*Asks:* 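My structure is below; once you've seen it, I'll send some questions.
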Amino acid sequence: MNHLGHRFSRFVTRAARRYLVGADQRWVFEPPAPGWTPLPIERTSFYLHVPFCRHFCPYCPYTKAPYHESLIEPYTRAAIAEVDGWANTIGSAKISSIYIGGGTPTIALTSVSRVLTRVRERFRLTGDICIETNPTDIDNEIVQQLKDMGVTLVSLGIESFTAENLTMLGRGYDSIVAERALSLLAGSNFTSVNADIMFALPNQSVSSVIADIARAAELGADQITTYPLFTFPYTSVGEYLHLTAVSMPKLKVRREQYRAINQWCDQNDFERTSVWGFKRGNVPRYSSVTRDGYIGVGPGAGSHMTDGFVLNTFDLNSWMESLSSGGSAIALRMPFAGEMAGWWWLYWRFYDTRIPLDELDIVLGHDARKARWWLRIVEQAGFAVRNGEFLKLTEPGAFWLHLVQNYFALNYVNTLWTQSRRESWPKEVFI
Ligand code: SF4
């Protein structure tokens with residue numbers, strides 16, 4: 001999108017969010033006011049960010065740091081201090097799921113295990129533990145460590161089985177390593193194994209995408225998360241990180257590939273569980289982002305509280321120093337006003353591709369009428385169909401949501417992340 005396009009999309013989103021959420025919501029992240037502490041919570045989810053990577057993939061926008069053994073102990077101590085900080089303020093909440101992402105969690109599993117032990121001591125863990133894994137790390141010993149930690153859902157970042165794609169993405173392994181890792185995880189009796197597969201890669205054909213997801217299913221993945229090469233590398237995050245190595249395919253290509261993926265999944269008993277995700281059989285849904293409320297631990301980790309978002313400092317050293325001296329890792333906060341929490345809930349239900357209509361009144365209060373009116377338009381446009389008490393997105397509906405997410409929501413993330421990478425403790429970030 002050119003400069004004019006960006007300005008236009010900013011204007012449209014600002015007008016839309018003002019109309020939907022109201023003028024009281026300030027779209028600005030600021031350092032928390034002195035003395036501010038999170039409110040007590042009865043039930044939430046937990047996210048642990050493990051930032052270390054052995055090598056950096058050129059397209060990756062996530063918060064990461066080069067792996068060095070000497071960093072693991074101070075990282076672990078800081079993460080445990082942060083768990084304690086959360087428990088001291090929100091109380092011993094019920095934790096309905098744990099998600100461990102990165103970075104590459106599998107290069108620091110002893111550290112992860114120590115943090116999980118502290119989470120179990122300070123909170124009441126009731127749900128699944130999900131973890132992101134990297135093909136290069138998976139062997140029998142790692143699988144045993146995951147089992148010992150109580151991990152139930154595993155996601156393997158394969159991205160592609162095709163040599164050219166793996167080289168272009170700079171993943172640092174070949175298809176034999178990826179296949180061996182997936183077979184081992186699939187045969188290890190986890191509740192579910194998800195395979196991440198990318199599409200819309202430069203010069204990638206529809207048949208190559210379908211071959212990748214078919215191969216993942218054949219090797220035993222019962223969930224497949226497909227996502228396009230995000231636009232981050234071409235935005236200011238990308239510029240700041242000098243990510244210029246790849247280019248984005250045209251909308252027509254993404255449309256064709258997304259349709260083909262949906263068709264393949266439909267014909268092979270994989271039901272759609274989110275805009276990007278599909279699963280086969282009666283397994284708990286693997287998802288990293290749709291949880292309704294979570295606390296985050298680690299550099300750059302965000303938390304979704306009942307009264308707003310908070311975001312940790314992105315800088316690993318600043319994060320460790322602050323926590324080791326008894327301080328907080330939270331750099332920024334955006335409080336909710338009006339029915340913002342309800343609209344945020346509705347946004348993620350769109351992402352789930354299923355909107356429970358009977359919950360609208362409870363969650364959105366007096367804005368439920370406005371939401372219903374827009375949902376009727378979505379239905380009349382053919383982007384959703386009624387299914388009992390749910391409104392279910394159709395395949396075109398899911399695709400266009402993916403576009404809206406690309407051009408609008410990711411712009412917010414981009415603004416926030418760019419500023420958070422430039423300064424450890426930003427003064428304010430308008431999104
Ligand atoms: S994609 Fe994963 S392995 Fe690659 S740099 Fe990003 S976090 Fe590290």
Side-chain angles (χ1 to χ4, degrees), residues 47-69 71-72 75 79 99-109 111-112 130-139 142 146 154-175 177-178 180-182 185 193-202 204 212 216 224-235 237-246 248 276 286-289 296-302 312 314-316 319 410 413-414 417-418 420-421:
Y47 173 70
L48 175 65
H49 189 76
V50 184
F52 307 108
C53 291
R54 282 206 184 85
H55 81 280
F56 287 180
C57 309
Y59 62 90
C60 173
Y62 300 113
T63 310
K64 55 200 178 292
Y67 173 77
H68 198 282
E69 220 183 311
L71 290 169
I72 299 301
Y75 164 82
Y99 189 90
I100 304 153
T104 317
T106 34
I107 57 179
L109 281 188
S111 167
V112 172
C130 318
I131 194 166
E132 292 174 358
T133 66
N134 186 299
T136 42
D137 295 328
I138 297 300
D139 59 19
I142 293 281
L146 296 174
V154 185
S155 177
L156 184 65
I158 292 169
E159 316 313 348
S160 178
F161 290 106
T162 311
E164 307 86 74
N165 293 338
L166 289 172
T167 306
M168 186 273 298
L169 291 169
R171 293 292 291 168
Y173 53 80
D174 59 23
S175 60
V177 169
R180 198 186 298 138
L182 182 52
L185 288 175
V193 175
N194 173 77
D196 273 356
I197 300 287
M198 287 176 87
F199 69 96
L201 300 173
Q204 192 180 30
D212 278 345
I224 297 176
T225 304
T226 58
Y227 60 100
L229 194 59
F230 281 117
T231 51
F232 287 115
Y234 322 100
T235 57
V237 165
E239 281 164 27
Y240 181 66
L241 296 174
H242 309 293
L243 301 179
T244 54
V246 287
M248 190 79 174
W276 313 119
Y286 171 85
S287 163
S288 59
V289 290
V297 162
N312 282 354
F314 274 45
D315 181 66
L316 176 64
W319 175 79
L410 291 185
V413 174
N414 179 41
W417 286 14
T418 301
S420 298
R421 280 167 205 274

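Throughout, numbering of the chain's residues begins at 1 and tracks the sequence. We count ligands from 1, going down the list as the structure has it; atoms in each ligand are counted the same way. Small disclaimer: the values here were computed from a predicted structure and weren't measured.
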*Asks:* Report the protein N/O/S neighbours of atom 6 (Fe) of ligand 1 that fall below 2.8 Å; do not count waters.
*Replies:* Cys60 SG
*Asks:* What protein heavy atom is closest to atom 1 (S) of ligand 1, reported as residue, atom name and distance in Å?
*Replies:* Arg171 NH1, 3.4 Å
*Asks:* Are any of the side-chain heavy atoms of Thr63 and His49 separated by less than 4.5 Å?
*Replies:* yes
*Asks:* Within the 3.5 Å criterion, strictly below it, is a donor on Thr225 or Asn194 matched to an acceptor on the partner's side chain?
*Replies:* yes
*Asks:* Would you say Pro228 and Met198 make side-chain contact, with heavy atoms under 4.5 Å?
*Replies:* no
*Asks:* Taking atom types as modelled and ignoring hydrogens, do the side chains of Glu159 and Tyr173 form a donor-acceptor contact shorter than 3.5 angstrom?
*Replies:* no
*Asks:* Are Lys64 and Phe56 in a cation-pi setup, meaning NZ or CZ lies under 6.0 angstrom from the ring centre and within 45 degrees of the ring axis?
*Replies:* yes
*Asks:* Could you report the tightest heavy-atom contact between Phe161 and Ala216, atom names first, then the distance?
*Replies:* CE1-N, 3.6 Å
